[in-house]
Amino acid sequence: GIQHSVLGICANRDDAAADESGLLDLWLLRADADGGLQTVDGRRGITLGSGGVVGELALVALGPDIPGVAISAGVGDANLAMQGETVLVAIHQQQLRQVARFPSHYDNQAQLVCHSLLAAGDDAGTEPNAAALPPPDCEAGLRQLRTQWQADTGSNAHGFWPLLLTHSGVACGNAVIENLRLDYDPAQRHYPTPDLDNRCP
């Protein structure tokens, strides 16, 4: 019956390297008797993102009476692969608490060098040799994967809705689609971390 507010402060660093995170402060505030706001809980110095940038924040619902914050952040990678993750922070029992963290996307296309190895023609500028070597098989190493999530509002356990994840894309030359259901674990006070490893051999 008391109004609460969530405040997120992102500290993006202009001079950060590609694999350096940004800093995020989250505050849970409540209206006081004087019409102002007082701090109920806070988390300072959360490191997320890449290139000094935290990412994007959105308010979400993780249960019928459990609001939360979803953070979509990049992951720094010196090897040029584009990666991202989703972090879910619940507002539960007057506290801010991280309850889930899972990969949101992965794309290693920039890592792959897939130029055709054509034999050179003669000095007169003739066409390349017809018996040129074929290009490497880059599809075998390509991984372009994305994970989307939503809450299953049809059921809840311990106040939290299950999370439904759809993992799709291309890995190792094959189409990938995988549906996962994550149930909140009250003992760990966290959703289980899904295994979405589709590395090529």
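A quick note: this is a predicted structure, and the numbers were derived from the prediction, not measured.
A donor-acceptor pair under 3.5 Å is formed between the side chain of S104 and the backbone N or O of G84. In this structure, E20 contributes its side chain and A17 its backbone to a donor-acceptor pair below 3.5 Å. Without hydrogens or angle criteria, H167 side chain to T147 main chain gives no donor-acceptor distance under 3.5 Å. No donor-acceptor pair under 3.5 Å is formed between the side chain of D107 and the backbone N or O of Q83.
With sequence neighbours excluded, no residue satisfies ring pair (Phe, Tyr, Trp, His ring centres under 6.0 Å) with H105. Annotation: salt bridge (charged side-chain N to carboxylate O under 4.0 Å, His left out) contacts of R43 (sequence neighbours excluded): D41. Taking Q150 as the reference, L164 meet the side-chain contact (heavy atoms from CB on, under 4.5 Å) condition, with sequence neighbours excluded. For R189, the side-chain contact (heavy atoms from CB on, under 4.5 Å) criterion is met by Q95, R97, Y184, not counting sequence neighbours. For R181, the salt bridge (charged side-chain N to carboxylate O under 4.0 Å, His left out) partners two or more places apart in sequence, or in a different chain, are D152, D183. Shown here are the side chain to side chain donor-acceptor pair (under 3.5 Å) partners of T166, two or more places apart in sequence or in another chain: N179. When the side chain to side chain donor-acceptor pair (under 3.5 Å) test is applied to E85, the partners found at least two apart in sequence or on another chain are R101. For H4, the side chain to side chain donor-acceptor pair (under 3.5 Å) partners two or more places apart in sequence, or in a different chain, are Q94.
Judged as a salt bridge (charged side-chain N to carboxylate O under 4.0 Å, His left out), not a single pair has a partner in residues 53-76 (not counting sequence neighbours).
For CD of Q38, the number of neighbouring non-hydrogen atoms (other residues, nucleotides, ligands) closer than 6.0 Å is greater than 12.
Interatomic distance, Y106 OH to L145 CG, rounded to the nearest 0.5 Å: 9.0 Å. Here the straight-line distance linking atom CG of N156 with atom CG of L62 works out to 12.0 Å at 0.5 Å rounding. Interatomic distance, L142 CG to N174 CG, rounded to the nearest 0.5 Å: 11.5 Å.
Looking at heavy atoms from C-beta onward, W149 lies in side-chain contact with T86 at the 4.5 angstrom threshold.
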Donor-acceptor list for residues 21-32 side chains, cut-off 3.5 Å, not counting sequence neighbours:
from, atom 1, to, atom 2, distance (Å)
D25, OD1, G45, N, 2.8
D32, OD1, D34, N, 3.1
D32, OD1, G35, N, 3.1
D32, OD1, G36, N, 2.6

